[in-house]
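In listed order, ligands and their atoms are each counted from 1.
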Amino acid sequence: MDPKGTDQTEACSRHVCVNNPHLELLTDDVLYHFDLATGTHDLTAMFGDVKFVCVGGSAWRMKSFIEYIAAELNMEDPEGHYPNLCAGTDRYAMYKVGPVLSVSHGIGVSSISVMLNELIKLLHYAHCTDVKVIRIGTSGGIGLEPGTVVITKQAVDPTFRPQFEQLVLGKPVVRSTDLDQGLAEELLQCNEELSQFRAVMGITMCAMDFYEGQARLDGAFCSFTEKEKLEYLQKAHEAGVCNIEMESTVFAAMCKLSGLQAAVVCVTLLDRLQGDQLSSSHEVLQQHSKRAQTLVGCYIKKQLKAKSGHD
Ligand code: R2B
Ligand code: URA
């Protein structure tokens with residue numbers, strides 16, 4: 001509790017919180033990997049109206065998401081021009097249409113963590129309020145028909161614990177990976193109304209690697225047998241794990257620390273109990289990848305419609 005009697009969660013309830021006294025000493029905070037800075041950009045003018053942030057691994061997919069959402073919200077640019085707001089760098093790509101921001105995060109915990117540090121500071125400096133952040137991605141399913149969308153109930157580490165551990169000054173710091181349950185339920189409800197494909201709510205395991213880290217037999221190296229692989233995936237299945245990807249734990253942990261409502265929505269591209277290789281056709285993989293976007297697009301549209309009804 002701080003001296004005013006409000007705890008961090010309460011203080012963060014509408015705003016995007018940072019928790020770093022050193023930031024106050026900076027006259028210009030350079031968000032290096034976005035090529036944006038507080039000294040050179042009016043972040044409030046650029047981003048102050050953001051209410052939904054969608055993040056996903058690939059820059060190409062996040063551009064296609066903003067084009068899709070622009071059409072859904074009748075906010076299309078007449079010339080079809082959606083500028084990359086981070087054009088000065090090729091680390092991440094960022095697009096904005098009305099209250100929706102779409103940002104790429106690359107592959108894995110360290111890549112998304114760098115992006116989220118700068119995104120959280122950006123939203124904080126821009127004085128954004130009531131922001132929801134949704135990761136839309138791909139994953140490997142466990143015992144699910146490929147193309148099933150998983151809305152994450154809880155993100156867990158490779159030992160099935162609901163936590164994210166990071167070494168800070170050489171010592172382990174453990175953070176909770178709770179996600180917003182209300183938001184997850186709303187997304188599931190949205191999928192029932194959409195009724196175009198199957199979505200389930202389940203536990204998502206976050207791996208540090210695509211190959212051995214996800215019990216794959218097809219990497220450049222493999223230190224286990226097929227039997228050991230299947231035993232591990234079976235154990236994951238019994239622990240309630242529905243899918244495996246590479247960012248959910250740090251995403252959940254960082255959003256929770258900053259008071260952001262967060263959700264993870266990933267389509268499964270294959271059933272890991274059946275194999276390791278992504279051998280479906282490009283068209284099928286593309287169609288399946290679009291499902292998380294369709295569901296989140298539907299959710300955003302519904303939310304904005306409900307809000308305009310109240311205004
Ligand atoms: C899912 O897919 C990517 C690896 O191919 C990774 O970013 C993830 O979480
Ligand atoms: N992304 C992953 O991290 N794993 C998969 O199996 C598929 C997509």
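Within the structure, ligand 2 lacks Asp276 among the residues with a heavy atom less than 4.0 angstrom away.
A distance limit of 4.0 angstrom between heavy atoms and ligand 1 selects the residues Ile107, Arg135, Thr138, Phe210, Glu245, Met246, Glu247.
Looking at ligand 2, you'll find an N or O of Gln214 within less than 3.5 Å of one of its N or O atoms. Taking only nitrogen or oxygen atoms, main chain and side chain alike, Arg272 does not reach within less than 3.5 Å of ligand 2.
With contacts defined as side-chain heavy-atom distances shorter than 4.5 Å, the pair Glu118/Arg91 does not qualify. Side-chain contact between Leu144 and Asp271 is absent, with no heavy-atom pair separated by less than 4.5 Å.
Using modelled atom types, one finds no donor on one side chain facing an acceptor on the other under 3.5 Å when comparing Thr249 with Gln163. Donor-acceptor pairing under 3.5 Å is lacking for the side chains of Gln181 and Glu185. Of the N and O atoms on the side chains of Glu186 and Tyr299, at least one donor lies less than 3.5 Å from an acceptor on the other residue.
Screening Val109, Thr177, Val133 for a side chain to side chain contact (heavy atoms under 4.5 Å, CB included) with Phe251, the sole residue that qualifies is Val133.
For atom 6 (O) of ligand 2, the nearest protein heavy atom (residue, atom name, distance) is Arg216 NH2, 2.7 Å. Regarding atom 7 (C) of ligand 2, its nearest protein heavy-atom neighbour is Ser139 C, 3.3 Å.
For Thr204 (side chain) and Ala155 (main-chain N/O), no donor-acceptor pair under 3.5 Å exists by modelled atom type.
Salt-bridge annotation for Lys229 and Asp276: present, with a side-chain N of the basic residue lying under 4.0 Å from a carboxylate O of the acidic one. Using a cutoff of 4.0 Å between basic side-chain nitrogens and carboxylate oxygens, Glu231 and Lys235 are not scored as salt-bridged.
Atoms of ligand 2 lying under 4.0 Å from at least one heavy atom of Leu270, given by number and element, are 6 (O). Shown in contact with Ile244 at under 4.0 Å from a heavy atom are these atoms of ligand 2, numbered in order with element: 2 (C), 3 (O), 4 (N). Those atoms of ligand 2 with a heavy atom of Gly140 less than 4.0 angstrom away are 4 (N), 5 (C), 6 (O), 7 (C).
Minimum interatomic distance between Ser223 and Glu212 (heavy atoms only, all atoms of both residues): OG-OE2, 2.7 Å.
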